[in-house]
Amino acid sequence: MLNIIIFGAPGSGKGTQSTFLVERYKLGHLSTGDMLRAAIAQQTPAGMQAKAFMDKGQLVPDETVIELITNELDKQSQAAGFIFDGFPRTLAQAQKLDKMLAERGTPVNLLLNLDVDEDVLVARLLNRGKIGNRSDDRDENVIRERIAVFEKNTLPLLEYYQKQGKLCNIKGVGEPSEISKQIRQTVASQLK
Ligand code: AMP
């Protein structure tokens with residue numbers, strides 16, 4: 001199995017590069033943001049609870065996202081591996097992911113960290129807010145809160161994965177196809 005975490009701030013291009021990775025390596029795509037938005041659309045109890053956090057740009061409680069991910073891992077048990085997109089976002093989630101994968105006899109192979117400056121992130125998200133249908137991309141205060149939450153709760157995970165020798169830094173600015181190329185080369189050299 002090949003398990004890759006695509007990591008980065010909101011607006012760093014995780015979704016775009018996940019599409020590339022899924023295509024290229026034929027992996028399952030596990031995006032907690034997409035799962036939560038689907039749960040909201042279906043008005044499930046988890047979705048209703050999550051919405052209040054998402055509207056404010058805050059993290060949904062760990063138990064909620066861990067349950068969503070566990071269910072999907074079980075559903076897609078035949079997959080050749082996974083792209084984890086937007087998960088883990090806290091140390092508790094990272095530890096739980098290691099445990100869940102260990103129970104399935106497989107590790108996280110690598111983490112791709114898309115590095116993008118904050119002013120570029122804000123501009124990209126505001127632009128996505130104009131053309132897309134995500135309400136959390138329309139309000140600059142919510143965008144800045146999401147970036148602040150990322151820096152406080154999620155960025156420290158880099159150290160966790162660096163200690164395991166799994167961290168790969170990718171410059172996340174420029175043409176998406178160029179970034180994909182860099183990712184392809186990084187994955188190839190890491191898996192040698
Ligand atoms: P995303 O689509 O990854 O940008 O996520 C949108 C929102 O969903 C985030 O701002 C959080 O409120 C919530 N969310 C997504 N993934 C997670 C996660 N792993 N842990 C906690 N909250 C999450």
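Whatever order the structure lists them in is the order used to number ligands and atoms, beginning at 1.
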Quick one: which of M35, R89, K56, M54 has a heavy atom closest to atom 1 (P) of ligand 1?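 The residue whose heavy atom sits nearest atom 1 (P) of ligand 1 is R89.
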Option set Q93, R37, R146, criterion heavy-atom distance to atom 2 (O) of ligand 1, minimum: R37
Output the list of atoms in ligand 1 that are nearer than 4.0 Å to some heavy atom of [X], sorted by atom number.
| X | result |
| --- | --- |
| T32 | 15 (C), 16 (N), 17 (C), 18 (C), 19 (N) |
| L36 | 8 (O), 13 (C), 14 (N), 15 (C), 23 (C) |
| Q58 | 11 (C), 12 (O) |

Sub-4.0 Å heavy-atom approach of K14 to ligand 1: no
Check whether any side-chain heavy atom of F82 lies under 4.5 Å from a side-chain heavy atom of E72, and answer yes or no.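 Counting from C-beta outward, F82 and E72 never come under 4.5 Å.
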State plainly whether the residues [X] and [Y] are in salt-bridge range, i.e. N to O under 4.0 Å.
| X | Y | result |
| --- | --- | --- |
| K171 | D117 | no |
| K14 | D85 | no |
| D62 | K96 | no |

Quick one: do the T90 and N153 side chains pair a donor with an acceptor below 3.5 Å? no
Quick one about D115 and N169 (side-chain donor to acceptor, distance below 3.5 Å, no hydrogens or angles considered), yes or no?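 No, D115 and N169 have no side-chain donor paired with an acceptor closer than 3.5 Å.
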Any N/O of G86 closer than 3.5 Å to an N/O of ligand 1? yes
Of all protein heavy atoms, the one nearest atom 22 (N) of ligand 1 is V60 N, 3.1 Å
Tell me whether the centres of the aromatic rings in F7 and F150 are closer together than 6.0 Å. yes
What do we get for R134 next to ligand 1 when only non-hydrogen atoms under 4.0 Å count, side chain, backbone, both or neither?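 Looking at R134 and ligand 1, just side chain atoms fall under 4.0 Å.
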Side chain, backbone, both or neither: which part of V65 has a heavy atom under 4.0 Å from ligand 1?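 Only the side chain of V65 comes within reach of ligand 1.
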